[in-house]
Amino acid sequence: MKKSLLALLALLCVVVQGSWAQNPTPSTALEPYITTLGNRMVYKFNYPSTSVTGDPVVLSSLLCCWAPTTPPKGAAIESVHLYSHYTVTANSQCPTSATLSTADFVVLSTLFEGAEYDEGKPYKSIVKRSIVIMPDYEGYGVSSARTHPYLIQKVTAQQVVDALTYGLELYGKLNGANNTLPLKDNWRCFSLGYSQGGAVALAAQRHIEQNGLSDKLHFRGTICGDGPYDLMATMHYYLNDDGTSYDVTTAHNENEITFPVVLPMIMNGMIVGNPAMSQHKLDDYFEQSFLDTGVMDWLSTKNLTTDDINKAWLSQIDNGTATIGGKTYKAPANMKEMFFKHEIPGMIWSSWVAWANLDKILTPGFYSYMKNPDNFISAPAATGNAYEDMRYALESNNVCTGWKPQHRIQFAHSKGDMVVPYGNYLAFHNAHPHGLDDMYRIDNTFSKSDHLDAGKMFLMGLGTEYFNYFQWVDAATPTGIKTMKDVRGMMSDVWYTIDGRRLSGKPTQKGLYIVNGKKVVIK
């Protein structure tokens, strides 16, 4: 009897574990997620895309929309915003883990709350009567078991645009459920983002244009803030700026990095996402003592925010240890040579952050390579040398060069940004010197602050005061699509395997497939 009971319990455990381990599948309908927002609705959905390795992958996204209980006469969705989020390190920070108090969700909810028509601010209603699609990125949400290919721009751009097209298809299937509204015939689409999301937003525009999707998506252009568009420009700033770049004075000093967690994320992203980097490892670039702080463990769990990681380093500086998830990480002997505490003044009280010395956390060879300007005279190439290959990988993810934008771009960038320096915008300007005030323009006065404070101002402004950004972007020649049917046609009769693999036509083998957002069995 006991043996039978134990066998039954074991079988149940296997079944439960198997159900937990099942791979996600593309959604056939939007799943209501947050329904307590009055005239707004928030949905989740999974969608098929392509992974950083080129394989099929199922990713996740939010779709947020204006859904008034009592809609004005003739009300419709005026705009669709593709929002690419800023850098996160914890899965709890990704869009599909959002709560009503999540910072960027609170701010961005003003973009889909609707607005009365205002003759003085005509774009207020156009911008706010909207759908906002917020993808998680590979490595977060339903794909959290995967490594996030940080700043691998082409891949991430394709993935977020896939979320846009699939999300709109599922939205069309609602047919007015939950007070949702149809898309207006002349709806327009904007790509938005700040920080990592700023670079992804710009890369998404490049992807849309280069793949002939502009008309089908009613695409108007991009509004992006303080993005790492040129990773080499960012690295050179860290290594060489003495606090006087771009005609402003900052607390930055040569060879310092003020947000150290981004550096291992960048390097690991290049290793994961660029074939030329497959033979290289993090210890080719970082001192072992830096890796011994535990940073890669902390990043791999996806349980810690960037602030949590900063606090762990501060604890190691002050106490010699940091306890994370019940495990104690002892500070390396040279902790205070690698890191130092920096005080950030506040209106009421100050806060502390951990800054790092690049000549102590990078290997001597890589540091010397990056400091020597002679190494950057020739074009980058994959040679098998760890340093040359890293330069090649970083340049491969430059979204400033190699294309000519067809739609307008509104840049916003603080000259006081020490994390993603103003040189990133200048790199774009230098690559497109004749397009200023025609195809792109810059607002470098919206903030004089460092990265985080500038980000708050940028994101809060999108739904409250920066309507002129949208109006300027939209002032270019409108695209030719007339109805929502064209967007639905993008996915009509496109077949996917249940794991998200896109097929070239109707399958001939038996199995379960997805077509037009529905599961279909081929017998």
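Position 1 is the first residue of the sequence, and the numbers go up from there.
When the shell of 6.0 Å around CE of M232 is examined, it contains more than 12 heavy atoms from other residues, nucleotides or ligands. Atom CG of D247 has 12 or fewer neighbouring heavy atoms from other residues, nucleotides or ligands inside a 6.0 Å radius.
The two residues C65 and Y171 come nearest to each other via the heavy atoms SG-CE1, 4.0 Å. Summarising the geometry of Q410 relative to V473, their closest heavy-atom pair is CB-CG2, 3.9 Å, with the distance given to 0.1 Å.
For the atom pair OG1 of T156 and CD of Q196, the computed distance is 7.0 Å after rounding to the nearest 0.5 Å. Rounding to the nearest 0.5 Å places CD1 of I133 at 10.5 Å from CG of L62.
Using a 4.0 Å cut-off between a side-chain N of Lys or Arg and a carboxylate O of Asp or Glu, E256 and K360 do not qualify as a salt bridge. Residues E138 and R146 are paired through a salt bridge, judged by an N-O separation under 4.0 Å between the basic side chain and the carboxylate. No salt bridge links D474 with R408; every basic N to acidic carboxylate O contact stays at or beyond 4.0 Å.
In this model, no donor atom of one side chain and acceptor atom of the other lie less than 3.5 Å apart for Y166 and S27. Side chains of E209 and H407: a donor on one and an acceptor on the other come within 3.5 Å. Inspection of the S195 and H451 side chains reveals an N or O donor paired with an N or O acceptor under 3.5 Å. N444 and Y422 form a side-chain donor-acceptor contact under 3.5 Å, judged by distance and modelled atom types alone. Side-chain atoms of S79 and W187 form no donor-acceptor pair, as typed in the model, at a separation below 3.5 Å. In summary, the side chains of D389 and H280 do present a donor paired with an acceptor at a separation below 3.5 Å, with no hydrogens or angles considered.
Classified by interplanar angle (parallel below 30°, tilted 30° to 60°, perpendicular above 60°), the ring pair H342/W355 is parallel.
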